[in-house]
Amino acid sequence: MKEELPEKASNFIEQIIRDDLESGKIEKVITRFPPEPNGYLHIGHAKSICLNFGLGELFGGECNLRFDDTNPTKEEKEYVESIKEDVAWLGFNWANLRFASDYFDDFFKWALELIEAGKAYVDHQPADEIRKNRGSLTEPGKNSPYRDRTIAENRDLFCKMREGELGEGDCVLRAKIDMAHPNLNMRDPVMYRILHQSHHRTGDKWCIYPMYDFAHGYEDAIEGVTHSICTLEFEDHRPLYEWFLDNVSVPHRPRQFEFARLNMTYTVMSKRKLLELVTQGCVSGWDDPRMPTISGLRRRGYTPSSIRTFCKKIGVSKANSLVDVELLHHCIRDELNLSATRVMAILRPLKLVIENYPEDKIEELEALNNPESDIPTYRKIPFERELFIEQDDFMEDPPKKFFRLFPGAEVRLKHAFFVKCTGFKKDAGGRVVEVRCIYDPRSRGGESPDGRKVKGTLHWVSVSQAAKAEIRLYDHLLTLRDMDAMEEGEDFKDYLNPASMERLTECRVEESLVNAKPGERFQFLRHGYFFADHDHSSKMPVFNRIVSLRDSWAREMKKSD
RNA sequence: UGGGGGAUCGUCUAAUUGGCAGGACGCUAGACUCUGGAUCUAGAAGUCGGGGUUCGAGUCCCUGUCCCCCAGCCA
C-alpha cells in the first residue's frame, strides 16, 4: 500500500495523515463528507468531497456520506436525494450512508451525562438576553441567573424539554464552560433548543434538536472518524469540539482539521445566495447551466473527471484564495480535446453560393472525426452548391490579418474545397445576406491542388441537408471578478450578467447530430465544446456550450478595441 | 481594542524542514497546423515591510503592516 503512494503528499492534510499512519497513531483513515441537506451541492463542496473521499481512497480507508440534519426548520428530503446523486455522479462511493439524526438518542444520553457531571444547565433566559449576556469581542459575558441550578433540577427540566412540556424559546440546554472565555464560542454554548418541528427522518419523535457544535464531534466519534476535515471558519470551534469529546464517555476520539473553502472568480458560492437566485427566478433552477452547482455543471456538460481534475489542481491550503474560473475551463477543454468528436455547426447562418458548382449535385465528402485520436475514423458529409457559413466568417471590408472570406479572398472549406469569393448580396437594410464564390474542383478534400496556401479554413453545412438546432451560449453569471470585493450595501444581484445566456434558435448543424443522445458531447469546429441538453430531441436538437475554444482571433480583436 | 487563522509570479500552489524559489492556469513572442483549436519552443512575472542570527533565510528570532473568521436558540 505505502509503496504505491507518491513520494510527496499533495497537501498538508494528506501529510498529517501520512504522519499519523507512520507513527501508528491510527491504523486506518476514516473521513466523512458532512453536508447539511438544506441546499444543492456546488463546486466548493466538490473540493471537500474530492478531499475527503480522495483521502479515504488513497490510504485504503473509508469515507462516509453523512447528512448533518440537526435543524428540521431548514432541511428537506429533496436536498438529501440531490446530494446523494451529486456525490455518486462525481464518482465517489461512500462506505456508509449516515444521518446525524440516526444518533439523536446518543446525543441525548451524552447531554444527560454532562448534566450529571454538573457541566450543563437549562437556561430560561430569552434569546435576546442570552445574546446580551454573552458579552462582546472585548468584554466578558455575564453568568446566567440559572447557571447554578442543581443537577436534579437540570435533569428534570431537560426531560421536560424533551417531553414537549415547554414551548419553543422557553429555555435551552447550555454547556457550563466559561462566560469570560476570550473565545466567544466557549461562553456557555447552547447544546439543545426546543423546536416543535417535524423532522424529515425522525418525524415527531423529537421536539428538541442538538446544535452543531455539540453534535458534530459525537457524530465523528460514533463513526470512528479519524480526521474530521472542515473549513476555516470552524477553526475557533475546535476547542469546543474537543471540550464536548473530553467531557463524556465517547467510543473514539476524532481530530478536526481545517482548510480554506473554494472561491471562484465571477461566482458566488454561498448556499443562501444560490437559493436566492433560484427562488427569485434569476436562473431556471438549481441545475441552470450557469450555476456553480454540481447539477448545474452537469447540465452544462462538465464531466465528473474534469471536476475532479480541477479539484486536484487547485490544491488544499489554509490561505483564503480566489481561483480563476479559467482553470476550470482549462480542465474540461483539456479532457474533451482528446475525446470529443468534431462536427460542424453554424450558429449564425449566412448563405454561400458556389457559382460554378452544378445546381442539383450533392457529393459526399469524408470528414475526420477526431484528429487527436490514435485510430482515425471518418464520417460522410454532404456538399452542394448552396451552403451555410458563419456570418462572422465574411466581411465586406475586413481589418488586417483577417484570414476569412472577403471579396477576392480564397479560403478552404473544411474537408471540402478551396473557394474564392466573387461577390455578395445585401438586403434593403444593408445586411449581407448571401456570399458568392467559385470553387476549385481540383482541391477536393481540402488539399491544395498546386501547393498554393490559404490562410483560413471555414466550417460549413449544406443548405438542403443540414438540420435546424437550438444552441445555448453561456457566459459568467456575474460580472464582478471578485464578488467578495462588493461594496457595503450592494446586492450581489446587481452584478448579474444580462448576457450570461444567449439562445440561438436558427442554427444549422450536420444532420448526424439529429441522432445525438442527450448527454453526448461534441466539439463544434472552431466554436467550442457542446453538450446535448436534456431538452434535446431529434425534432429540435438542443445543445449547451460547455466552454468555447481558446480564440486568439477574438483576443486580437479585443486588443485593438 | 479580545480570540482564532493567514500572507510566495496577475491567479492557484510547491520548496527535501536552513542549501539553485519550481509547477499549473493566464499572458507575450515564435514555430507548426485542413479548427485563428491542439501541439511545440522561448519569454515576462513572486517570497508583505524593517531589523537580526547565519557561509547561506521563503523557512529561524525580533518588530511592524495588511487580509480573513468569530458576539445564531444556523451549519
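Below, chains carry the letters A, B, ... as their sequence lines are ordered, and counting in each starts from 1. Treat the numbers as computed from the prediction; the structure is a model and nothing was measured.
Atom CD of A/Q15 and atom C1' of B/A15 are 13 Å apart (whole Å). Protein atom CH2 of A/W243 is 19 Å distant from nucleotide atom C1' of B/G3, rounded to whole Å. Counting to the nearest Å, the C1' atom of B/U8 and the CZ atom of A/F12 are 17 Å from each other. When the C1' atom of B/A24 is taken as reference, atom CG of A/N11 falls 16 Å away, rounded to whole Å. B/U16 atom P lies 13 Å from atom CG of A/D19, rounded to whole Å. Note: CD (A/E14) to C1' (B/U13) measures 14 Å, nearest angstrom. Atom CG of A/L262 and atom C1' of B/U11 are 13 Å apart (whole Å). Here the C1' atom of nucleotide B/C25 and the CG atom of A/L322 are 13 Å apart, to the nearest Å.
Base pairing annotation: B/A7 forms a Watson-Crick or G-U wobble pair with B/U65, both donor-acceptor distances under 3.5 Å. Pairing partner, B/G36: none, since no Watson-Crick or wobble contact has both distances short of 3.5 Å. Pair assignment for B/A44 gives none, since no Watson-Crick or G-U wobble pairing has each distance under 3.5 Å. Pairing for B/G2 goes to B/C70, judged as Watson-Crick or G-U wobble with the two contacts each under 3.5 Å.
A donor-acceptor pair under 3.5 Å is absent between the side-chain atoms of A/D178 and the main chain of A/R187, judged by distance alone.
With a glycosidic angle no further than 90° from 0, B/U17 counts as syn. A syn base is found at B/G72: its glycosidic angle is within 90° of 0.
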Tell me, for nucleotides 67-75 of chain B in 5' to 3' order, what letter each nucleotide earns: B for a base near a protein heavy atom under 4.0 Å, S for only sugar-phosphate near one, - for neither?
-SBBBSBBB
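At a threshold of 4.0 angstrom between heavy atoms, the contacts of A/I314 are confined to the sugar-phosphate backbone, with no base atom among them. Counting non-hydrogen atoms under 4.0 angstrom, A/F402 reaches a base of the nucleic acid. Among the heavy atoms of the strands, none lies under 4.0 Å from A/H527. If you check every strand for non-hydrogen atoms under 4.0 Å, A/E447 touches a base. Base contact: A/K414 has a heavy atom under 4.0 Å from a base atom. Residue A/V454 is classed as having no contact, given no heavy-atom separation below 4.0 Å to the nucleic acid. Counting non-hydrogen atoms under 4.0 angstrom, A/K401 reaches a base of the nucleic acid. Among the heavy atoms of the strands lying under 4.0 Å from A/R481 are primed sugar atoms or P, OP1, OP2 only; no base atom is included.
Nucleotides B/G30 and B/G10, compared at atom P, are 24 Å apart to the nearest Å. Straight-line distance between the C1' atoms of B/C12 and B/G49: roughly 24 Å, to the nearest whole Å. Distance check on atom C1': B/A14 versus B/G58 gives 12 Å, rounded to whole Å. Comparing the C1' positions of B/U47 and B/U8 gives a spacing of 4 Å, expressed to the nearest Å. Across B/U16 and B/G5, the matching C1' atoms stand 27 Å from one another, rounded to whole Å. Look at the C1' atom in both B/G46 and B/G22: the space between them is 12 Å, to the nearest Å. Straight-line distance between the P atoms of B/U65 and B/U1: roughly 9 Å, to the nearest whole Å. B/U17 and B/G26 are spaced 34 Å apart, taking the P atom of each and rounding to whole Å.
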Might you work through the salt bridge (Lys or Arg N to Asp or Glu O under 4.0 Å) test for A/R526 and A/E390, ending with a clear yes or no?
CA-CA 11 Å; A/R526 301 210 295 142; A/E390 211 65 62; over 6 Å; no
Verify side-chain contact (heavy atoms from CB on, under 4.5 Å) between A/V461 and A/V509, making sure each step is shown before the conclusion.
CA-CA 7 Å; A/V461 296; A/V509 299; 5.8 Å; no
CA sep, side-chain torsions, deciding dist, call: A/D170, A/K160, salt bridge (Lys or Arg N to Asp or Glu O under 4.0 Å):
CA-CA 11 Å; A/D170 286 356; A/K160 283 203 167 96; over 6 Å; no
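The number of heavy-atom neighbours closer than 6.0 Å to NZ of A/K312, taken from other residues, nucleotides and ligands shown, is 12 or below.
Just one residue in the list A/K271, A/E75, A/E76 forms a side chain to side chain donor-acceptor pair (under 3.5 Å) with A/N38, and that residue is A/K271.
Between A/H216 and A/H237, the ring centre distance reaches or exceeds 6.0 Å. For an aromatic pair to be called close, the ring centres must be under 6.0 Å apart, and A/Y241 with A/F234 fails this. If you look at A/F383 and A/F417, their ring centroids are closer than 6.0 Å.
The nearest heavy atom of RNA chain B to A/R444 and to A/K313 marks one nucleotide each, and the one closer to the 5' end goes with A/K313. Place A/L413 and A/K47 on RNA chain B by their nearest nucleotides, and A/K47 ends up nearer the 5' end.
The CZ atom of A/F108 sits 4.5 Å away from the CZ atom of A/R162 when rounded to the nearest 0.5 Å.
Pairing each heavy atom of A/F259 with each of A/I229, the nearest pair is CD2-CG2, 3.5 Å.
Electrostatic pairing of A/D102 and A/R201 counts as a salt bridge here, judged by a charged N lying under 4.0 Å from a carboxylate O.
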What N/O pairs connect the protein and nucleotides 37-39 of chain B at under 3.5 Å? Give each pair on its own line.
residue, atom, partner, partner atom, Å
B/G37, OP1, A/S552, OG, 3.0
B/G37, N2, A/R342, NH2, 3.4
B/G37, N2, A/E372, OE2, 3.0
B/A38, O2', A/N337, ND2, 3.1
B/A38, O2', A/E372, OE2, 3.0

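For the pair A/H330 and B/C25, the criterion of a side-chain N or O lying under 4.0 Å from OP1 or OP2 is met.
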